[in-house]
Structure formats: C-alpha cells, structure tokens
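A quick write-up on the structure given underneath.
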Amino acid sequence: MTRLRLALCGILAAMAGIAAGHLVAAFVSPAASPVLAIGSTVIDLTPTPVKEWAIARFGTADKAVLQGSVLAGTLALAAVAGLLSRRRMPFAVGLIVLLTGLAGAAALLRPAAAVRDVVPSLAAMAAGVAVLVWLAGLARRATGGEDQAAAIPRTVGTGRRGFLGGALGVAVLSALAVVGGQLRAGAQRAKQIALPRAQDPAKPLPKGLEATVKGISPLRTPTDKFYRVDTNLVVPQVDVDTWTLEVDGMVERPVTMTFAELSAMPLIERDITMTCVSNEVGGGYIGAARWLGVRLTDVLDRAGVTGAPDQLLSTAVDGFTISTPLSVVRDGRDAMVAIGMNGAQLSDTHGFPARLITPGLYGFVGATKWLTKLTLTTYAADQAYWTKRQWATDAPIKTSARIDTPAPLSTIPAGRTAVGGVAWAQHRGVGKVEVKIDDGVWQATKLGPDVGVDYWRQWFLPWDARPGLHRISVRATDLAGRAQITERATPFPSGSSGIQEVVVTVT
Ligand SMILES: Nc1nc2c(c(=O)[nH]1)N[C@H]1C(S)=C(S)[C@@H](COP(=O)(O)O)O[C@H]1N2
Ligand SMILES: [Mo]
C-alpha cells in the first residue's frame, strides 16, 4: 500500500510536470512540450530500418504509438522516483530534474530551436519537483509517519484522506492543463489569405470515373483526404506576415522575399499527383491535387548562380531539410513553390504558407512543406535529412497501379461488376493498365480521362464475377512502353515495386 502510494506520487508528479510543460508550451512554442520534444528527438535518432518497421507496422498511427511509448517510459521512471522519495528524497528529486532536463535538452537541440524552447521543460521541472515533495509529504502522513511507533488512528484517517485529496487534485489540474494547452494550440489557426489568380491556369478538371465506377478513387483527392507524411509531432504554425523565403548558397545575390512578394510573381496552376516513397504496393500514401504556385526556376533566377551547384537544398521552418537534384528542377517540368492547393491556401498540415512541389519525384526529395529557404549547393558539401539516413538522393516515382475496388479480402455478389483503381507514372505518363484474374491473360483496362503526364490515371475493367475465390492483379505501363517493375522491393531506399494482388470472395 505504501509502495503503491509512493509510486503514485512519482507518477502524479510526472503527470503534473508534463501537463504544466504542455500548457506553457502552447503559449511559448508548441513543439517544445516535453513529451513532444523527446518524441521528435527519438524520431530523428531512430535508425532507418526501425523507422521503416514502425511505419509498416503502425502506418499513420506511428506518431501516436511513439508518443505513447515516451509517455509510458517517463511515467515508469517517475514511479521509481516516487519509490525513492521515501528514503532518498534528493535522488527522487534528482531523477525528476534529470527527466525534465533531458526534455529541455531535446527541445534546445531541435534544428531550429530558440532559447525560449527550454521554458516548457523548466516549468515541467518546477511543477514535477513541487508535486513530488508535496505529495510524498502527504503520503508519509497518510501512513502515520515512519518513526511514529503508535500512530493515532484518527490522524492516519485524515492523513489518508489528505493524500487522496491531494492526488485527485493533482490529477484533475493536470488534465485541465493538458486540455487548456490543446485548446490554446488548436485556436492558433493560419491566417486566411486571399490567393491571387494564376496567370497560367490549369484546364478544367475532366469528369472522373468515380461517378460511374463505385469505389474508385476520385480523380482529385479532397484536401482533407490527402495523405500526410512528415517528421513533425506538432504541425508548425507559421505567421505569414513575418514569414520569408530566402534564396542563398551558390548564388550571385542572396534574395529574401516576403509572402506578398512571392505571391505577386507570375503564378501557374497545375494538376500533380504526389506520392510518398514509403508507399507500399497498393498503399494510400498518394494523392492528386491542383497546385497554385510560382515556378521554382523563376524564384531561383532572381538570385542567379555562381559556380556549379548540383543540389537544391530546401529548409523548412523547423530546420527539416530536403535535397532535390538541380538538373531535375531545371529540366522544364512544373516544379513550383506552391501557395495553394485545390483552390484554397495550403492547409497547416500540407505546408502553409508555402511548399515545394516537384512533379515526378517522391515527396522526400521535392515537396518541402513549411518552406523557408532554398540553398544552391552540392551533394558533396551538404546532405538533407533523409539522405543522411541513407535514402536515395535522386528518387523518381516508380510506375505503379492500385486496385481500389473490389477491396482486398472483401466478399462481393456474383454478377456484373467492375475492377477499378488508379495508376501512376508521374512525368512519363500512364500508357496502359492491365488486369489479370486468377491465371487468365493480362487484359487491357479502360482508362479514365487524361489529365497530363504528371497526374494519375483512373482505370477499370468490367468483370463478370463467378462464385468462388479470385485473385486479381494489376500492372501499369508508361507512355514510353516501360512496364512497371514486377520484382518486389521495400520502400527503402528508393520506393516500393511489385505487382499488387487482391483476393476476393464472390458469392
Ligand atoms: N517540412 C517537411 N516537409 C516535408 C516532409 C517533412 O517531414 N517535413 N515530408 C516529406 C514527405 S516524405 C512527403 S511524402 C511529403 C508529403 O506531403 P503531404 O503531407 O502534404 O502529403 O512532404 C514532404 N515534405
Ligand atoms: Mo514521403
């Protein structure tokens, strides 16, 4: 009982610290909340194979799993601090100071950290130590004190109630602080900006197959359904009025422009399908949207070039970096600094106020969100976040196709139906998509509207489904006649490959 109570003291002290830190962080620097700061550091330090495993195992829940683990580990250590508090209070306090100190160090060592980022952890330290000492005192009184040979029952009774009351109070206040922090952080929305029109607009999007083929991905992915992949536990909140885009490195004259200056440049509008290198065969880390932005070469041309850079290193507001081959940037494709997505300003999660979009390349080598700096450099001199972690430097998106309907392992009624999905071969264009059912021949499917080589293509094949278990495979070929790679490959280091096969039961 005593032990349990002491462990609880430690756990509650940690909860109070974490909650206080979170609340303070909401006002000072949301990403510097202690658990988040440690979580972000763990993300950066996790070896690539482990990260791959976590993404494959937990998918988009990977961040929640990570934060849960950090929290669980912290509370376990805090319980130890609680147990220590009985005989060795200095050690117990030391442990809490160490834990919160680590969080503070983690916050300070983030790439774009400022001194204020240590403040949430200091608040956590103060709250944690204060609660530990106070609750441990109450716990001692609840057990009647150690050296009191004969405790008076009534004192013990009120002491017990005192401890319970204190514990409950700490728990409630901690919960309120966390909720308060969340509310405050959630209230900070990006400012609404009026987007200028494109001088070079996209053609109206044709009508997609989704109207006729049930279950197929819509031709354009709605923004709220668009996949999200980044290393951020907290979405950066960027103040568009103070935001700037810098162009530096091997340039004739470094340039710094405000959002107003950037959006006053000639704007293009393009339909482009993005894909994440972590997308497994048949996976969902792909989305197609309409992007509004300034040609990347127009932005770079303002600064000029000196020497022979081969890499465009882009930096996000949080210090995250992406490298893009300069030859790709300059080969005439519609690489852009995007400020709009699907007719609206970029959402916070998709990189407000500006991001890179590079058609044909996986996101990790060309789609920097929350962009703030473009640096002309060389691969010999500088490496970006994922390249340092052994991912490919040049990573064109591999041709692939996905079956959207029927769903894998589903049961469908016998009769006339359709097999359908999307195929992509960005910047080369989809030439044909074929489907094979069981051990049959590869049959050509009907393709949906053509939105250009940088966009995905819907496809479908009418199917007279007979009762039984069936295997459906799909393969795509680009416009140059190159079939997708059939050998299975994992996403690391340059994207997955292989044929998707879906098994369905027809009854
Ligand atoms: N700042 C920043 N930009 C980033 C990333 C990131 O972690 N941080 N991830 C990249 C990756 S891996 C991909 S696939 C795309 C995803 O963009 P989306 O979340 O808008 O779909 O963003 C890219 N840009
Ligand atoms: Mo990605």
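From a predicted model like this one, the values you see are computed outputs, not experimental measurements. For this chain, numbers begin at 1 and follow the sequence in order. As the structure lists them, so they are numbered: ligands from 1, and atoms in each ligand from 1.
- Taking distance alone, with nitrogen or oxygen atoms compared against 3.5 Å, R355 approaches ligand 1 more closely than that limit.
- The protein heavy-atom contact nearest to atom 24 (N) of ligand 1 is A367 O, 3.0 Å.
- No more than 12 heavy atoms of other residues, nucleotides or ligands lie within 6.0 Å of NZ in K432, so this atom counts as exposed by the packing criterion.
- One N or O on the side chain of K369 and one on the backbone of T349 form a donor-acceptor pair closer than 3.5 Å.
- Each of D248, T315, T321 was compared with T375 under the side chain to side chain donor-acceptor pair (under 3.5 Å) criterion, and only D248 meets it.
- At least one N or O atom of T231, backbone or side chain, sits closer than 3.5 Å to an N or O atom of ligand 1.
- Remark: ligand 1 atoms within the under-4.0 Å shell around heavy atoms of D230 are 5 (C), 6 (C), 7 (O), 8 (N), 9 (N).
- Without hydrogens or angle criteria, T324 side chain to V365 main chain gives a donor-acceptor distance under 3.5 Å.
- Near F226, with a cut-off below 4.0 Å to any heavy atom, the atoms of ligand 1 are 21 (O).
- Between L371 and ligand 1 there is no heavy-atom distance shorter than 4.0 Å.
- Which parts of ligand 1 touch I322 is read off a 4.0 Å heavy-atom cut-off, strictly below it: atoms 24 (N).
- Nearest-heavy-atom check against atom 13 (C) of ligand 1 across G363, P236, A338 picks out G363.
- By the criterion of a heavy-atom distance under 4.0 Å, neither the backbone nor the side chain of Y285 is placed next to ligand 1.
- When each of R270, R355, E269 is tested with M336 by the rule side chain to side chain contact (heavy atoms under 4.5 Å, CB included), just one qualifies, namely R270.
- Close approach of ligand 1 to C276 (heavy-atom distance below 4.0 Å) involves ligand atoms 14 (S).
- Between the choices H350, M274, K369, the shortest heavy-atom distance to atom 19 (O) of ligand 1 belongs to K369.
- Summarising the local packing, CZ of R253 is surrounded by more than 12 heavy atoms from other residues, nucleotides or ligands at distances under 6.0 Å.
- The nearest heavy-atom contact from the protein to atom 8 (N) of ligand 1 is F320 CD2, 3.2 Å.
- When each of K225, R402, E210, Q458 is tested with S217 by the rule side chain to side chain donor-acceptor pair (under 3.5 Å), just one qualifies, namely R402.
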Checklist entry - Checking side chain to side chain donor-acceptor pair (under 3.5 Å) for the pair Q383/S323: CA distance, chi angles, key distance, verdict? => result CA-CA 7 Å; Q383 284 199 310; S323 63; over 6 Å; no
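- Of the N or O atoms in Y227, one or more lie within a sub-3.5 Å distance of an N or O in ligand 1.
- Taking the ring axis of Y455 as reference, the NZ or CZ atom of R457 does not stay both within 45° of it and closer than 6.0 Å to the ring centre.
- Distances from atom 9 (N) of ligand 1 to the heavy atoms of V229, I43, T221 put V229 nearest.
- Listed by number with element, the atoms of ligand 1 under 4.0 angstrom from any heavy atom of A316 are 1 (N).
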Next on the checklist: side chain to side chain donor-acceptor pair (under 3.5 Å), that's the test. Do T399 and R428 meet it? Break it down for me.
Outcome noted: CA-CA 9 Å; T399 302; R428 298 177 299 280; 2.9 Å; yes
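- Residue F364 approaches ligand 1 through these ligand atoms, each under 4.0 Å from one of its heavy atoms: 11 (C), 12 (S).
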